[in-house]
Amino acid sequence: MSPSEFYIKELQRALSEQALFIRAFSVTSSSSLQAIVSVTLLEGNNVTVILTNQGYHADQSGATPFETIEDLLQSVSPLYAQKRQLALLDALEKWSSHQLPNQGQG
């Protein structure tokens, strides 16, 4: 991968992993210094997300960079946070139900 592709590939990968918790995203621009995408949140509004060497930035979050895309999305989308938490609880419940029959054996 060339240096000019790093930011856009990383941002696309990160957002693809969040596909269940956002409506859509589309690339606005990219260069060897940054990538910019428009993300449609579950609430229906759009937010511009920028990935640079300082981290993830949202046009609504001011100058504060985020270390992860999850942190950024959680800060701008209450529905993202709610749906992601429900998915994590569901996964934990499924994992827990598979563990219970094995207790006491050993």
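Residue indices begin at 1 and follow the sequence shown.
Judged as a side-chain hydrogen bond (donor to acceptor under 3.5 Å, both in side chains), and not counting sequence neighbours, Gln34 has no contacts. Shown here are the side-chain hydrogen bond (donor to acceptor under 3.5 Å, both in side chains) partners of Ser30, two or more places apart in sequence or in another chain: there are none. The side-chain hydrogen bond (donor to acceptor under 3.5 Å, both in side chains) check on Glu17 picks up Arg13, with sequence neighbours excluded. Shown here are the side-chain hydrogen bond (donor to acceptor under 3.5 Å, both in side chains) partners of Thr28, two or more places apart in sequence or in another chain: there are none. Here Phe25 pairs with nothing under the ring-ring contact (aromatic ring centres under 6.0 Å, His included) rule; sequence neighbours left out.
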Identify every side-chain donor-acceptor pair in residues 83-92 under 3.5 Å, counting partners at least two apart or on other chains, and give the distances.
from	atom 1	to	atom 2	distance (Å)
Lys83	NZ	Leu20	O	3.2
Arg84	NE	Tyr80	OH	3.4
Asp90	OD2	Lys94	NZ	3.4

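To the nearest 0.5 Å, atoms CD (Gln54) and CG (Leu51) are separated by 11.0 Å. The CZ atom of Arg23 sits 10.0 Å away from atom OG of Ser77, with the distance rounded to the nearest 0.5 Å. Rounded to the nearest 0.5 Å, atoms OH (Tyr7) and OG (Ser31) are 8.5 Å apart.
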message: Show, in sequence, the C-alpha distance, side-chain angles and deciding distance for Leu15 and Leu11, and conclude whether the side-chain contact (heavy atoms from CB on, under 4.5 Å) test is met.
response: CA-CA 6 Å; Leu15 287 168; Leu11 190 50; 4.1 Å; yes

task: Check step by step if side-chain contact (heavy atoms from CB on, under 4.5 Å) holds for Phe21 and Gln74.
output: CA-CA 10 Å; Phe21 313 116; Gln74 190 165 318; over 6 Å; no

message: As a quick check of understanding, evaluate side-chain contact (heavy atoms from CB on, under 4.5 Å) for Asn46 and Leu41, giving each step before the final call.
response: CA-CA 6 Å; Asn46 289 325; Leu41 303 174; over 6 Å; no

- prompt: Can Val49 and His57 be said to form a side-chain contact (heavy atoms from CB on, under 4.5 Å), step by step?
  reply: CA-CA 6 Å; Val49 175; His57 305 266; over 6 Å; no

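The side-chain heavy atoms of Thr40 and Ile22, taken from C-beta on, include no pair separated by under 4.5 Å. A 4.5 Å side-chain heavy-atom check between Val37 and Thr48 finds every atom pair outside the cut-off.
The ring pair (Phe, Tyr, Trp, His ring centres under 6.0 Å) contacts involving residues 28-55 comprise nothing, where partners must be two or more places apart or lie in separate chains. Residue pairs meeting the ring pair (Phe, Tyr, Trp, His ring centres under 6.0 Å) criterion with at least one member in residues 29-48, sequence neighbours excluded, do not occur.
Hydrophobic cluster membership of Leu33, counting Ile, Leu, Val, Met, Phe, Trp and Tyr whose side-chain heavy atoms lie under 4.5 Å apart directly or via other members: none, as it forms a cluster of its own. Residue Leu42 belongs to a hydrophobic cluster whose other members are Leu79, with links defined by side-chain heavy atoms closer than 4.5 Å. When hydrophobic side chains of Ile, Leu, Val, Met, Phe, Trp and Tyr are connected at separations under 4.5 Å, Ile50 ends up clustered with Ile36.
Of the candidates Leu73, Leu72, Thr68, Thr68 is the only one forming a side-chain contact (heavy atoms from CB on, under 4.5 Å) with Glu70.
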